[in-house]
Amino acid sequence: MALQHIEPHHEAYMFLMKGLRELDFRGNAVPCDLLLTGDKAFPLSMNSQGQVLMAASHYGRGRIVVLSHEAYLNTFPALVENALMWLRGDGSDNLSVGVQQNVKAVADNLNRSQFQVKVLGGFSKNLGVGVYVTDAYSVGEDPKDLVAFLKSGGGVLIAGQAWHWAAVHPKENIILRFPGNKVSSVAGIYFSHHYGKVEILPVYPRIPSSWMAVKVGKKFKDDLEFLLQGISEFKLPNGPVASEVLVHGPLSFPIGTTEDRRAFLAGAYYGKGRVVVITHEAFVMQENLTPVWKNVIHWLNEDKKGVIGVSPDLDEAFNNFCKMGFNCVKTKFRKDLSVYVCTAYSDENEEEIQDFVAGGGGLLMGGHAWWWAYTHQGQDPMTDFSANKILNKMGLTLLKETIDEGSYKVPVLSQDTTDNSHFCHLLRRVAGHVIKGEKLTKFEAKSLKKLGSDCASYLHMKAYDWYSYTQVLSSLTDILKRAGMPQVNEKKPIKNPKDHLLLSVGAEVFNVCPDPDALLPYLIKESPVMPDVYNQRIKINVKTAEEEEWISTGLYLPSGLKTYMIIPTEIINKGWRIQVGCQTDYLNAEQLSRAPCVYEQFPINTEMMQVWNLFGGLLYLVAPPDTQVEGVEVIVQMAVSAPYYKCGETTAADWSLLRKAPSPWAELEFENVILTVPSDVVRSLKHPHKLAAHWNAIMNGIADLAAIPRKFPRKERFVTDVQISEGWLHAGYPVMAHKPTADDLVNIDSPKNRDLWGPIHELGHNQQRDCWEFPPHTTECTCNLWSVYVHEEVLGINRAQAHRDINLSVRNKRAKHYVKEGRNLDNWHMWVALETYLQLQEKFGWDAFKKVFAAYHGMTNVPNNNKGKMNLYAKTFSQAVQMNLCGFFKSWGWPIETSTEKKLSNLPPWTDHPMVQYG
């Protein structure tokens with residue numbers, strides 16, 4: 001049995017099991033397995049199969065203890081007495097216990113106890129008891145008074161099994177209809193139809209846990225048949241971008257999924273109620289999905305035929321539901337509704353909505369999390385996004401990952417299919433595979449990569465006070481200790497899904513597990529670099545513009561090392577973050593040379609911050625946009641010094657020592673660019689000021705062509721890595737590149753390193769502006785203007801030598817072929833499109849482009865479609881060179897409008913342009 005992390009229920013468990021050393025479940029009684037959900041329930045006794053035979057929970061201000069057979073009320077009298085004392089609540093002096101007459105033997109057992117026992121025919125209001133004891137069959141058809149008693153602070157001890165009831169009622173929904181579940185489910189404990197294995201069980205010093213307890217709690221085939229009746233596919237239209245929903249609760253299930261099993265529509269049971277989530281609110285108003293919502297509302301409403309409340313921001317949905325014949329009202333949340341339909345963007349009634357569903361209400365929520373995640377850097381959508389504050393406890397979480405438009409077939413309703421795609425089922429099967437050698441099916445094995453991603457997301461909830469969360473964490477810890485994490489690098493990449501899973505969850509488990517130091521040897525085999533600096537003071541002088549900025553510290557944190565940082569009050573709770581690691585690309589490749597995510601970020605919210613990264617990494621402060629800070633100091637407790645050169649600050653004497661610093665990664669910071677490369681690349685760099693001059697000239701060239709000031713508002717960054725998310729390099733902040741590129745960036749004395757086409761191409765991408773871009777035609781084209789310009793004007797390399805694809809004969813052949821194929825803009829992209837711009841440059845020079853780019857800086861109300869933008873570009877370039885270029889652009893197939901030609905008719909036409917020769 002693995003231990004849990006932080007155990008908020010530990011004291012309650014110790015109280016309930018006080019004086020007990022073992023529990024002998026052997027005998028005639030056949031218990032059922034208890035299913036635990038939500039955030040308050042926890043097991044008291046668990047057998048060797050991971051089945052829960054006794055459990056406890058809170059609901060509202062009250063407490064409940066559930067036993068998996070009514071016989072146990074008499075089998076374990078000491079446990080019952082402990083339970084009655086705990087159920088009274090803290091500080092209560094009410095010793096009055098009501099015992100339902102069908103379990104009268106409990107009253108007889110308590111004759112000599114301190115309790116004042118009353119035998120009752122059933123529960124009713126105003127009995128005056130502090131605790132009520134009953135079997136699971138005698139609570140009545142609608143035990144609302146007993147649930148209200150529990151919620152208001154009463155204690156309930158309930159015992160029974162549901163397997164016999166399920167056999168007698170084969171078509172009934174045990175979760176909703178079994179009498180005992182009408183009480184215990186509100187607290188997250190359900191009686192199930194599964195037999196429990198009986199044995200002598202020790203009373204563990206902590207709450208019992210087992211990887212076998214991670215499981216799906218229900219067969220959802222009947223639910224899906226109802227929800228998908230008359231539906232063959234889901235058509236997600238172009239336009240709305242949906243999120244993915246993580247389906248992780250034992251009573252939650254996917255309804256609509258992509259071919260690779262990513263869910264966009266999902267449902268769940270929660271307490272006595274139900275919930276359905278669709279991952280974009282526009283789909284709730286989608287006419288072609290009307291049959292879906294008709295089924296969903298009926299499923300949520302059950303037989304109540306009550307009022308459907310629709311949030312005022314879902315006007316079309318309200319109209320559609322009214323047309324379907326539902327009794328609808330446009331309203332904010334109200335407790336008297338039968339079903340509430342809302343968007344995902346408010347947590348205003350978080351607890352009330354959870355209570356509403358737990359008490360039997362239905363919830364339909366629509367919305368996505370990807371835009372929120374994009375606009376709330378430094379916050380975690382798993383815990384901070386409004387909808388997830390409501391949904392997480394229900395076993396559903398909206399993710400920042402997105403779902404593409406398309407038509408998706410409904411799932412095949414075999415039980416294997418509905419089980420196999422479930423988070424809990426797959427995790428349980430993987431644990432069995434690793435720990436006991438159980439064989440996985442082909443489908444399960446194929447699903448492991450996706451499971452790894454899901455587990456990594458799930459662990460971000462850090463819900464240590466939920467038994468279900470600690471159970472998953474415990475299981476993943478056991479898996480990693482048994483299997484270890486693959487030691488991956490460029491020479492030893494991994495491909496199989498199991499290794500993907502282990503690599504995805506290693507750092508996440510390390511970040512949240514109770515004893516990371518004990519886990520570390522199973523995750524990292526190489527000895528880390530040892531710290532060589534202590535209590536290092538870092539001065540911060542920052543003035544950011546419209547974008548956040550990484551501030552280099554010149555320090556490196558080794559693998560797994562946790563260090564403290566003392567933070568000045570000026571930057572606490574101001575949007576600043578600490579980042580460990582510069583390789584920020586998330587990898588989603590089939591073959592991995594490193595873990596998918598190898599950096600960590602920590603929001604700065606306190607004076608003393610503890611930071612780390614399982615994989616190690618350079619240490620940064622991330623400054624928010626529009627921030628100015630001068631002269632503040634950050635103190636780093638311990639770290640490793642890095643080869644860090646800062647132009648204008650690092651002296652030659654400093655660098656002679658720093659270039660030998662032990663960090664495996666180095667940084668060279670110049671006027672407008674920062675290069676992050678393996679330290680081996682800079683060990684022999686004796687004259688960094690020469691490299692600084694080289695890069696300063698390049699960046700000046702970048703700025704000059706873009707017609708912007710030579711002092712960049714934010715320095716560009718290059719980061720090299722063993723593997724990146726796409727291409728050999730890609731643009732962004734930072735520009736990402738493969739490790740071999742590091743030599744090209746640093747070693748300027750080698751003749752072969754004078755070719756910087758790729759790196760400058762990416763810097764060109766960072767200069768592209770939507771107002772003069774025509775995607776997808778020019779996406780990989782106009783960035784090359786900077787490559788040509790810098791090679792010719794800065795590096796002194798002729799364009800024909802700079803890249804083989806702009807050799808003159810190749811260019812001419814390409815233009816001729818383009819004309820021959822009908823001047824079709826579908827073929828006008830990359831090198832073909834670049835030829836258009838090169839012809840303009842060769843006629844009018846680079847100054848023309850600088851004038852054009854400068855003109856765009858002051859423009860407003862730019863068209864938002866390619867046709868309008870191409871006409872604007874033709875007009876702008878013509879005016880910059882004082883020549884009518886309409887004929888030239890038309891010769892390239894541009895959709896030049898008559899109105900544009902009229903505006904430029906006063907300028908002399910360019911009649912002898914290069915395209916004339918092709919007719």
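This structure is a prediction, so every number in the text was calculated from the model and none was measured. Just so you know, residue 1 is the first one in the sequence shown, and it goes up from there. Heavy atoms only: backbone and side chains are in, while hydrogens, waters and symmetry mates are out.
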TODO: Without swapping roles, check the side chain of Asp135 against the backbone of Glu70 for a donor-acceptor pair under 3.5 Å.
DONE: no
TODO: Sequence neighbours left out, what passes ring-ring contact (aromatic ring centres under 6.0 Å, His included) with His164? Give chain and number order.
DONE: none
Task: Pair Phe356 and Tyr270, ring centroids less than 6.0 Å apart - done: no
Listed pairs under 3.5 Å, donor-acceptor, residues 33-45 side chains, sequence neighbours left out:
from  : atom 1 : to     : atom 2 : distance (Å)
Asp33 : OD1    : Val52  : N      : 3.0
Asp33 : OD2    : Lys215 : NZ     : 2.6
Asp39 : OD2    : Lys393 : NZ     : 3.3

Task: Ring centroid separation Phe123 to Phe149 under 6.0 Å - done: yes
- [ ] Would you please test Asp478 and Arg482 for salt bridge (charged side-chain N to carboxylate O under 4.0 Å, His left out) and show each step?
- [x] CA-CA 6 Å; Asp478 289 346; Arg482 185 63 62 95; over 6 Å; no
Open item on the list: Can you tell me how far apart CZ (Phe253) and CG (Leu396) are? Round to the nearest 0.5 Å.
Closed with: 9.0 Å
Task: Interatomic spacing from CG in Leu176 to OH in Tyr269 - rounded to 0.5 Å - done: 5.0 Å
Task: Cation-aromatic face contact Lys18/Phe15, 6.0 Å, 45 degrees - done: yes
Task: Arg428 bridged to Glu438 by N-O distance under 4.0 Å - done: yes
Open item on the list: Taking atom CD as the centre, does Gln114 end up with more than 12 heavy-atom neighbours from other residues, nucleotides or ligands that are less than 6.0 angstrom away?
Closed with: yes
Task: Pair Lys389 + Glu350: basic N to acidic O under 4.0 Å - done: no
TODO: State which residues pass salt bridge (charged side-chain N to carboxylate O under 4.0 Å, His left out) with Lys481; sequence neighbours excluded, sorted by chain then number.
DONE: none
Task: Partner of Thr397 under side chain to side chain donor-acceptor pair (under 3.5 Å), chosen from Asn388, Asp454, Asn392 - done: Asn392
TODO: Ignoring hydrogens and angles, state whether a donor on the side chain of Gln471 or Ser209 is under 3.5 Å from an acceptor on the partner side chain.
DONE: yes
Open item on the list: Please report the interatomic distance NZ(Lys450) to CG(Leu426), rounded to the nearest 0.5 Å.
Closed with: 9.5 Å
Open item on the list: Are Trp86 and His58, when compared by the centres of their aromatic rings, separated by less than 6.0 Å?
Closed with: yes
Open item on the list: How long is the straight-line distance from OG of Ser68 back to OH of Tyr195, given to the nearest 0.5 Å?
Closed with: 14.0 Å
